[in-house]
Amino acid sequence: MEIFHQLSGLVEQVSVDEAFIDVTDLPEPAEQIAHALQARVKLDTNLPCSIGAASNKLVAKIATDTGKNQSRTDGYPQAILCVPAGTERIFLSPLPVRAMWGVGPKMESILLGMGLRTIGDIANCSVDRLERRFGKSGVDLHQHALGIDNRPVTVSYEAKSISQEVTFARDTADLLFLRRTLHELAIKVGYRMRCEGLCARVIRLKLRFADFTTHTRQVLLQAPTDQDSVIAGEAEGLLMKLWQPERPVRLIGVGGANLVEHVHQLTLWESETQKERKLLIALDELREKYGKEAVQRADHIRKRHKEE
DNA sequence: TCTGGGGTCCTAGGACCC
DNA sequence: TCTGGGGTCCTAGGACCC
């Protein structure tokens with residue numbers, strides 16, 4: 001990512017190992033930039049990478065995937081594929097619908113059922129038919145099949161939600177264990193929110209049963225929070241709504257959504273919650289210095305011992 | 001791919017208000 | 001008192017992505 005930033009200020013990081021770079025303002029041709037960038041990444045990190053270049057994000061993304069698939073001969077894919085402006089539709093046309101960004105297994109089978117095999121078939125299909133079948137996203141799908149995508153490269157990134165979840169090695173029907181796990185997850189979520197300076201207005205619980213059915217419950221808070229105890233408490237309340245003693249649980253997760261920036265409350269007296277905030281921040285700092293297990297709350301430990 | 005841990009966006013229905 | 005239409009907010013679930 002550092003290497004990308006040296007190239008252009010307009011870098012949109014999509015995941016740990018993927019990014020869009022807007023090189024519109026650079027004088028060199030895209031192909032030349034791509035080769036230099038790939039060489040640079042290899043030299044500095046010894047990592048292979050694939051690059052797709054096009055006039056918009058959608059086509060660049062598909063170009064990367066396509067190049068990667070084509071070069072899947074031996075070893076790592078190290079592809080470069082450039083799609084010149086004006087040739088987007090021609091490039092996409094022969095590709096299978098599954099190659100379209102946003103088309104997964106479900107949509108693929110629906111499209112095949114409609115007799116649409118390639119992206120070109122989607123492009124030649126009437127917008128009305130696609131809209132009837134897929135709603136608003138059908139209109140987008142048609143545009144994308146034509147190679148049209150107006151989404152800009154977005155530099156700043158704001159998280160929409162923060163969550164933690166665990167899948168158990170064995171399904172469990174142990175409520176005490178679930179509640180304890182919930183607490184541990186809530187602590188991690190709260191920590192991450194405080195690191196980002198964010199508070200959540202919505203607390204969400206996710207539960208997956210042994211048969212893989214997944215349920216979520218959420219609650220809208222009066223006031224946004226970044227506090228472990230509040231997150232844990234709300235999540236526990238939600239757990240009791242979903243919990244069925246006879247249904248073992250495979251996964252449990254906690255998250256915060258509707259995130260807002262943390263603002264300090266202007267009250268005359270420090271409330272209990274503000275005291276707890278200060279305590280939590282102090283604990284966060286200790287954990288950063290001495291590791292995650294360095295500090296634990298005595299009341300939590302006592303509770304645990306009693307339970308055990 | 002019988003399934004890990006994050007995320008995002010969209011849809012549909014219900015409650016509530018004017 | 002009942003009905004209609006439209007808008008917003010909230011909740012739950014599904015599809016998809018890396």
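Numbers restart at 1 for each chain; the letters A, B, ... are given by sequence-line order, proteins then strands.
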Base, sugar-phosphate, or nothing: which does [X] touch, judged by heavy atoms less than 4.0 Å apart?
X        : result
A:Val16  : nothing
A:Arg208 : nothing
A:Val103 : sugar-phosphate
A:Lys61  : sugar-phosphate

(message) My understanding is that only one of A:Lys57, A:Met100, A:His144 makes a side chain to side chain contact (heavy atoms under 4.5 Å, CB included) with A:Ile62; could you say which?
(response) A:Met100

(message) I need the A:Ile203 CD1 to A:Leu221 CG distance, nearest 0.5 Å.
(response) 5.5 Å

(request) Output, in order, the C-alpha distance, side-chain angles, deciding distance and verdict of side-chain contact (heavy atoms from CB on, under 4.5 Å) for A:Val97 and A:Arg117. (result) CA-CA 6 Å; A:Val97 291; A:Arg117 275 185 39 257; 5.8 Å; no

(message) Any side-chain to backbone donor/acceptor pair from A:His215 onto A:Lys206? Under 3.5 Å, distance only.
(response) no

Rounded distance in Å - [atom1] ([X]) to [atom2] ([N]):
X        : N      : atom1 : atom2 : answer
A:Ile110 : B:dT11 : CD1   : C1'   : 13 Å
A:Lys206 : B:dG5  : NZ    : P     : 9 Å
A:Met1   : C:dC18 : CE    : C1'   : 12 Å
A:Ile162 : B:dG5  : CD1   : P     : 18 Å
A:Arg133 : B:dC10 : CZ    : P     : 19 Å
A:Leu185 : B:dG6  : CG    : C1'   : 13 Å
A:Glu234 : C:dT11 : CD    : P     : 11 Å
A:Trp101 : B:dC9  : CH2   : P     : 11 Å

(message) Between A:Lys61 and A:Asp65, does any NZ, NE, NH1 or NH2 come within less than 4.0 Å of an OD or OE carboxylate oxygen?
(response) yes

Per [X] side chain, nearest of listed nucleotides [options]:
X        : options                : answer
A:Arg250 : C:dC18, B:dT3, B:dT8   : B:dT3
A:Glu165 : B:dC10, B:dG5, B:dC9   : B:dG5
A:Asp17  : C:dC18, B:dT8, B:dG6   : C:dC18
A:Gln218 : C:dC18, C:dT11, B:dC10 : C:dT11

(request) Please give the nucleotide sitting opposite C:dT8 as a Watson-Crick or G-U wobble pair, both distances under 3.5 Å, or none. (result) B:dA15

(request) Verify the cluster assignment for A:Val23 and A:Leu58: are they in a single hydrophobic cluster under the rule of side-chain heavy atoms below 4.5 Å apart? (result) no

(message) Check for me, please, whether A:Leu207 and A:Phe177 land in the same ILVMFWY cluster - side-chain distances under 4.5 Å, paths through other members count.
(response) yes

Just the table, please: protein N/O against nucleotides 12-16 of chain B N/O, every pair under 3.5 Å.
none

(message) Going by ring pair (Phe, Tyr, Trp, His ring centres under 6.0 Å), name the residues that satisfy it together with A:His35, two or more places apart in sequence or in a different chain.
(response) none

(request) Check whether the aromatic ring of A:Phe212 stacks on the base of B:dC2, taking stacking as ring centres less than 5.5 Å apart and planes within 30° of each other. (result) no

(message) Side-chain N or O of A:Thr167 versus OP1/OP2 of B:dT3: is the shortest distance under 4.0 Å?
(response) no

(request) Taking only the side-chain nitrogens and oxygens of A:Arg201, find out if one of them lies under 4.0 Å from OP1 or OP2 of C:dT11. (result) no

